[in-house]
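Read through the structure below, which is laid out as structure tokens, and then see the notes.
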Amino acid sequence: MLAQMLAPAAVLIAWSLLILFWMALTRLPALSKAGGLGAAKPGGRGQDLEGVIPDKINWKSHNYAHLMEQPTLFYAASVIIALLGASALDTVFAWIYVALRIVHSIWQATVNVVKIRFLLFIASTIALIYLAYRALALTLFHDPSLVLA
């Protein structure tokens, strides 16, 4: 079950890199139209492009940032569960989390209606809560002498 549990994490890593490239492929041309990198202030950050390039282009950047936030918990939970013994249900919840994050990404990068995006986020968070519970249970109760009968 080790590889099966880690596969969703590997897919989410690859997806995050695809979003990074999508962001760059849309942002750099828009930035060129807005004066190019030479016009950027020293020490500038991506957030400084808000209001400089179109919002729809910045949405990809927002999503990339989101993929660097909550999914870090998913990666940790996935490794803990994989190392200590994933069940088939753990793998199903990992794939549910990844599928919802991919749908969330596509939605945020293209349509970005916040109400729907929030529902996708909540649904993926529920899957993550299950995975966090499993990681906690597997670590706290790994020693059979700690389980209360």
Side-chain angles (χ1 to χ4, degrees), residues 1-140:
M1 252 332 186
L2 184 66
Q4 290 88 343
M5 187 63 203
L6 294 176
V11 167
L12 193 55
I13 291 167
W15 178 256
S16 298
L17 291 172
L18 283 172
I19 293 295
L20 173 67
F21 287 116
W22 190 11
M23 176 184 71
L25 290 172
T26 57
R27 219 176 198 197
L28 291 175
L31 185 57
S32 293
K33 291 178 184 175
L37 289 174
K41 69 179 185 176
R45 302 179 324 153
Q47 294 90 329
D48 298 333
L49 295 175
E50 298 295 329
V52 175
I53 61 176
D55 290 341
K56 193 165 187 169
I57 293 183
N58 278 325
W59 293 346
K60 286 117 184 110
S61 173
H62 300 165
N63 185 256
Y64 181 72
H66 292 164
L67 288 169
M68 298 301 113
E69 295 169 349
Q70 189 191 66
T72 60
L73 301 173
F74 167 74
Y75 298 130
S78 295
V79 169
I80 290 167
I81 294 168
L83 290 175
L84 295 178
S87 70
L89 190 58
D90 297 335
T91 303
V92 167
F93 270 89
W95 280 115
I96 289 169
Y97 181 81
V98 170
L100 288 168
R101 290 307 302 209
I102 289 171
V103 171
H104 177 274
S105 288
I106 294 167
W107 186 265
Q108 183 173 19
T110 58
V111 180
N112 208 11
V113 173
V114 176
K115 183 177 181 180
I116 303 300
R117 195 177 91 212
F118 180 71
L119 292 173
L120 291 165
F121 174 77
I122 291 299
S124 68
T125 299
I126 291 168
L128 181 59
I129 289 169
Y130 168 82
L131 294 168
Y133 160 76
R134 286 288 295 145
L136 190 62
L138 286 168
T139 55
L140 287 179

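Numbering of residues begins at 1 and proceeds along the displayed sequence. Basis for what follows: all heavy atoms, side chains included, without hydrogens, waters or symmetry-related copies.
Residues passing the side chain to side chain contact (heavy atoms under 4.5 Å, CB included) test with V103, sequence neighbours excluded: L120. Annotation: side chain to side chain contact (heavy atoms under 4.5 Å, CB included) contacts of I122 (sequence neighbours excluded): F118, I126. With sequence neighbours left out, Q70 forms a side chain to side chain donor-acceptor pair (under 3.5 Å) with Y97, R101, T125.
Under the salt bridge (Lys or Arg N to Asp or Glu O under 4.0 Å) criterion, no residue pair touches residues 58-84, with sequence neighbours excluded. Every pair tested for salt bridge (Lys or Arg N to Asp or Glu O under 4.0 Å) that includes a residue from residues 105-119 fails, sequence neighbours excluded, so the list is empty. Within the structure, no pair that satisfies the salt bridge (Lys or Arg N to Asp or Glu O under 4.0 Å) test touches residues 76-87, not counting sequence neighbours. Among residues at least two apart or in separate chains, there is no salt bridge (Lys or Arg N to Asp or Glu O under 4.0 Å) pair with a member in residues 118-128.
The structure places CD of Q108 at 8.5 Å from CG of L67, a figure rounded to the nearest 0.5 Å. A distance of 6.5 Å separates CG in L31 from CD1 in I53, rounded to the nearest 0.5 Å.
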### Message
Could you go through S61 and R27, starting from their C-alpha distance and side-chain angles, then the distance that decides it, and tell me whether this counts as side-chain contact (heavy atoms from CB on, under 4.5 Å)?
### Response
CA-CA 8 Å; S61 173; R27 219 176 198 197; 3.3 Å; yes
Without placing hydrogens or testing angles, list every side-chain donor-acceptor pair under 3.5 Å for residues 7-24, not counting sequence neighbours.
from: W15; atom 1: NE1; to: S105; atom 2: OG; distance (Å): 3.0
from: S16; atom 1: OG; to: L12; atom 2: O; distance (Å): 2.9

When the side chains of residues 78-94 are checked against the rest of the protein, which donor-acceptor pairs come out under 3.5 Å, sequence neighbours left out?
from: S78; atom 1: OG; to: F74; atom 2: O; distance (Å): 2.8
from: S87; atom 1: OG; to: L89; atom 2: N; distance (Å): 3.3
from: S87; atom 1: OG; to: D90; atom 2: N; distance (Å): 3.1
from: S87; atom 1: OG; to: D90; atom 2: OD1; distance (Å): 3.4
from: S87; atom 1: OG; to: D90; atom 2: OD2; distance (Å): 3.2
from: D90; atom 1: OD1; to: Y130; atom 2: OH; distance (Å): 2.8
from: D90; atom 1: OD1; to: R134; atom 2: NE; distance (Å): 2.7
from: D90; atom 1: OD2; to: S87; atom 2: N; distance (Å): 2.9
from: D90; atom 1: OD2; to: R134; atom 2: NE; distance (Å): 3.2
from: D90; atom 1: OD2; to: R134; atom 2: NH2; distance (Å): 3.0
from: T91; atom 1: OG1; to: S87; atom 2: O; distance (Å): 3.4

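Of all non-hydrogen atoms in I96 and A127, the two that sit nearest each other are CG2-CB, 4.1 Å.
Side-chain contact between K56 and N112: absent, with no pair of heavy atoms (C-beta onward) separated by less than 4.5 Å. For the pair W107 and V113, the minimum side-chain heavy-atom distance is below 4.5 Å.
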